[in-house]
Amino acid sequence: MGSADKKEPRRSGSKSAPKKMTGKKSRTYKDAVKETFNSRVITDIGGFSGLYNFDPALYKQPVLVSSTDGVGSKLKVAFMAGIHDTVGIDLVAMCVNDVLAQGARPLFFLDYMAVSKLVPDQAVEIMKGIVEGCQEANCALIGGETAELSDFYTPGEYDLAGFVVGVVERDKIIDDSEVRVGDKIIGLESSGLHSNGYTLVRRIIFDDLKMKVTDKLFDTTVGEELLRPTRIYVTAVHILLRDFKITGVANITGGGILENVARVLPKTCQAVIKKDLWKPLPIFDFLTREGSVAEEEMFRTFNMGIGLAIIVPAGQAEEVLDRLIGEVKKRSQGKPVVLV
């Protein structure tokens, strides 16, 4: 790369890397990252790669599970609002909730941030969120990279990508092979929009309604409402996995409830979602009404208040459910995979 385009490894402690992270107690950047470390991490910050001591002897038949994702156009709202301490949580959540769908426990995480020119204070806020997300998911942040691409990104804007590796016992992998007619679907509440559907959200709120990020919306501002971080479900699901049989897990991301629940069903099954059993968060009612969005499009675009859907045998449902939102039935030829 030429002098205008360069890559700055944020783990190096270089001059352009953020060195302080503020909060209740001031701590250095390296200290914050190291708070995510565990005894398996055998590398320090600043190397060309991250080292993690994975011990297969701790498992009978370990299978590594990986995922990569980004935050998407939700970042546009962060730029508008000048709020950068939640999108890092989103980044971690989008990745760890995906490996969770296979029953995996996340082991370690890496991040990539591309900017026009590194703004240290902004980068610190982003990293605060990434560290918080990794701590909540109980995975180590063992590496990362910042690329300065001055002729590629608009000044002040950035893009984020995350990468996670997890592990699951081979005989504990969750897929559609054990989903049966009669199984119950349990919905775990979302914190809001999470990180999908923001092209439509921004069109409705900023283009059609001409609202600003500082305008009041519900009990907060538009910016703060739209930037509520994606909920991380790792702890909750793994507590359930200790004692219960989970036959399917759908991370409700792009494609909403309709497309993501369909991904974890055998072709012979249909999920019937009982929408009257939960009340969508106010933001979804607002978008439906103000954007004149059809109900099917809402369910195909957004999580509608359900961030993760778990399928369990009927006999266990009463013990594990937060809210029962549906059941698996026999699917007739030509019928949709998911029916609301």
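Start at 1 with the first residue, then count along the sequence. On a predicted model such as this, the values are computed, not experimentally measured, just so you know.
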With salt bridge (Lys or Arg N to Asp or Glu O under 4.0 Å) as the test, would you mind laying out the steps for R300 and E296 before giving the verdict?
CA-CA 6 Å; R300 194 177 298 279; E296 182 175 352; 3.0 Å; yes
Quick one: do K74 and D90 satisfy salt bridge (Lys or Arg N to Asp or Glu O under 4.0 Å)? Show the steps, please.
CA-CA 9 Å; K74 185 175 185 176; D90 289 306; 3.0 Å; yes
Less than 4.0 angstrom from a charged side-chain N to a carboxylate O is my criterion; do E318 and K184 meet it?
no
Between F302 and H194, does the ring centre distance come in under 6.0 Å?
no
Under a plain distance cut-off of 3.5 Å, with no hydrogens placed, do [Y] and [X] share a side-chain donor-acceptor pair?
{"X": "N196", "Y": "T253", "value": "no"}
{"X": "Q61", "Y": "E169", "value": "no"}
{"X": "S116", "Y": "S150", "value": "no"}

Decide yes or no for V234 and P106: does some side-chain heavy atom of the first lie under 4.5 Å from some side-chain heavy atom of the second?
yes
Can you say whether the rings of F108 and Y52 are parallel (under 30°), tilted (30 to 60°) or perpendicular (over 60°)?
tilted
Classify the ring geometry between F79 and Y158 as parallel (under 30°), tilted (30 to 60°) or perpendicular (over 60°).
perpendicular
Pairing residues for K117 by the salt bridge (charged side-chain N to carboxylate O under 4.0 Å, His left out) criterion, not counting sequence neighbours:
none
For R289, look at atom CZ and say whether over 12 heavy atoms of other residues, nucleotides or ligands are found less than 6.0 Å away.
yes
Starting from the C-alpha separation in whole Å, work towards a yes-or-no answer on salt bridge (Lys or Arg N to Asp or Glu O under 4.0 Å) for K60 and D171.
CA-CA 9 Å; K60 296 177 182 178; D171 62 354; 5.7 Å; no
